[in-house]
Amino acid sequence: MSEPVDGPRVIDVHAHAVLAMTEGAAGAAGPELGTSPDGTPFYRVGDYRLHGVRYAGSPFMDVDVRLAAMDAAGIDLQVLSPNPITYFDGLPAADAAAYARAHNDALAELVGKHPGRLLATAQLPVQDVAASVAEARRAVRDLGMSGVYMDTDPAGRTLDDPALDPLYEALVDLDVPLFVHPSPLGANGPADDPRLRRFDLDLMLGFAYDETLAVAALVFGGVLERHPGLDVCVSHGGGAAAFLSGRFARAVAKRAWVGQALRDNGFDHYYRRIWFDTHVHDSQSLQLLVDHAGTERLVFGTNFAGWDSGGDDHPAGALAQTLTRNAARLLRL
């Protein structure tokens with residue numbers, strides 16, 4: 001594992017990596033870097049094409065460019081994660097497991113060359129829970145990875161699906177966190193609402209929708225009740241959950257489907273067990289998150305070099321110090 005640094009000034013837990021050696025590692029599904037006839041770059045995964053993002057030569061693919069950009073942004077330590085476009089949870093399980101191994105080997109090798117600056121989280125073949133458990137153990141114990149990464153609806157399951165319980169038990173045993181981040185909604189958006197393809201709403205409202213559903217599954221679905229030692233970090237402040245927390249709490253008090261433990265303990269008891277990154281872009285949104293989720297499990301994240309990253313996302317003052325201490329706890333530094 002990368003050696004922990006002594007009191008880093010800023011720890012960024014939300015940064016994706018694109019690995020050149022994984023191109024074609026999923027067979028016909030790619031991934032594939034290419035250029036359209038008009039010169040626009042694209043990144044293809046299966047039938048999905050992300051247009052206009054130039055990964056080659058950027059911090060996503062060039063570690064020297066990344067480290068220089070981290071220095072310019074005042075980021076001391078960064079956690080690298082799989083590209084959410086390449087979860088590959090629709091592949092045959094054996095192919096997904098082979099891709100995850102190749103990806104994790106390459107990412108571990110990359111961060112191993114930069115101890116104290118970079119850490120890694122693992123890709124899992126989530127369509128096969130037993131294979132995911134095995135890969136999580138290999139990634140943490142053999143490769144020194146700091147956690148695992150997963151979609152908000154891995155292989156079509158909700159996060160409270162009991163089939164995922166063996167994976168959660170393994171993560172508690174390994175003493176590493178789970179990071180949850182949505183994937184793009186695909187070429188046509190949800191089948192019942194193509195409006196999300198307008199104005200890039202799949203990236204904004206679509207991600208927030210999925211993250212809010214993830215919070216609901218973790219709390220209402222009893223994941224945190226069944227696994228009290230599990231640390232889960234949800235991206236982008238947990239979507240709209242902070243805004244909806246009052247309605248969620250009212251539902252816990254009023255609705256017939258609520259389990260006894262949730263009713264006895266209340267929504268906030270479990271909601272405040274979830275970790276959230278602070279990549280919400282707005283001081284008032286951040287204050288809403290602080291007011292409802294508290295500060296004890298907030299961590300700094302940037303979506304580094306992504307379309308929505310920016311220097312104005314950096315917190316200041318006491319909150320910045322709190323986020324650093326929290327990230328060190330979450331990452332077991």
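Atoms considered below: every heavy atom in the structure, side chains included; atoms not considered: hydrogens, waters and symmetry mates.
In terms of heavy atoms, Leu289 sits closest to Ala242 at CA-CB, 4.1 Å. Residues Gln127 and Leu91 share a closest heavy-atom pair of NE2-O, 2.9 Å.
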Problem set entry | Asn83 and Tyr43: CA distance, side-chain angles, deciding distance, side-chain hydrogen bond (donor to acceptor under 3.5 Å, both in side chains) verdict | CA-CA 11 Å; Asn83 186 342; Tyr43 190 68; 4.7 Å; no
For this session: Verify side-chain contact (heavy atoms from CB on, under 4.5 Å) between Tyr271 and Val252, making sure each step is shown before the conclusion.
Result: CA-CA 12 Å; Tyr271 175 57; Val252 167; over 6 Å; no
For this session: Take Arg157 and Asp89 through the salt bridge (charged side-chain N to carboxylate O under 4.0 Å, His left out) test and state the conclusion after the steps.
Result: CA-CA 10 Å; Arg157 297 184 177 98; Asp89 60 1; over 6 Å; no
Problem set entry | ring-ring contact (aromatic ring centres under 6.0 Å, His included) evaluation trace for Phe207 with His181 | CA-CA 8 Å; Phe207 272 24; His181 187 296; 5.5 Å; yes
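For His292 and Phe243, the ring centers are positioned 6.0 Å apart or more.
The backbone N or O of Asp38 lies less than 3.5 Å from no partner atom in the side chain of Ser36, so there is not a single donor-acceptor pair. Arg329 places no side-chain N or O within 3.5 Å of a backbone atom of Arg297 that could act as its donor or acceptor partner. For His236 (side chain) and Val280 (main-chain N/O), no donor-acceptor pair under 3.5 Å exists by modelled atom type. Checking side-chain atoms of Asn326 against main-chain N and O of Leu298 turns up a donor-acceptor pair under 3.5 Å. Judged purely by atom type and a 3.5 angstrom limit, Arg263 uses its side chain to pair as donor or acceptor with the backbone of Ala253. No donor-acceptor pair under 3.5 Å is formed between the side chain of Thr152 and the backbone N or O of Glu211. Listed for the Ser183 side chain is no donor-acceptor partner under 3.5 Å among the backbone atoms of Ile85. With Thr121 contributing its side chain and Leu80 its backbone, the two residues share a donor-acceptor pair below 3.5 Å. In this structure, Arg273 contributes its side chain and Leu230 its backbone to a donor-acceptor pair below 3.5 Å. With hydrogens and angles disregarded, no donor-acceptor distance shorter than 3.5 Å links the side chain of Asp231 to the backbone of Leu330.
Side-chain polar atoms of Asn303 and His279 form no donor-acceptor pair below 3.5 angstrom. Side-chain atoms of His103 and Gln123 form no donor-acceptor pair, as typed in the model, at a separation below 3.5 Å. There is a side-chain donor-acceptor pair under 3.5 Å between Gln78 and Asp12.
The shortest side-chain heavy-atom distance between Val45 and Phe88 falls under the 4.5 Å cut-off. Using a 4.5 Å heavy-atom cutoff, the side chains of Leu118 and Val63 are in contact. Under the 4.5 Å side-chain criterion, counting only non-hydrogen atoms from C-beta, Leu333 is in contact with Leu119. Counting only heavy atoms from C-beta outward, the side chains of Met145 and Val111 never approach each other to under 4.5 Å. At a threshold of 4.5 Å between non-hydrogen side-chain atoms, the residues His227 and Val232 do not count as touching. The side-chain heavy atoms of Ile75 and Thr302, taken from C-beta on, include a pair separated by under 4.5 Å. By the 4.5 Å heavy-atom criterion applied to side chains, Pro125 and Arg101 are not counted as neighbours. A 4.5 Å side-chain heavy-atom check between Leu262 and Tyr270 finds at least one atom pair inside the cut-off.
From Leu164, atom CG reaches atom CD of Glu169 across 11.0 Å, with rounding to the nearest 0.5 Å.
Phe42 is not connected to Leu33 by any chain of hydrophobic side-chain contacts under 4.5 Å among Ile, Leu, Val, Met, Phe, Trp and Tyr, and they are in different clusters.
Crowding of Arg226 atom CZ: a count of heavy atoms from other residues, nucleotides or ligands under 6.0 Å exceeding 12.
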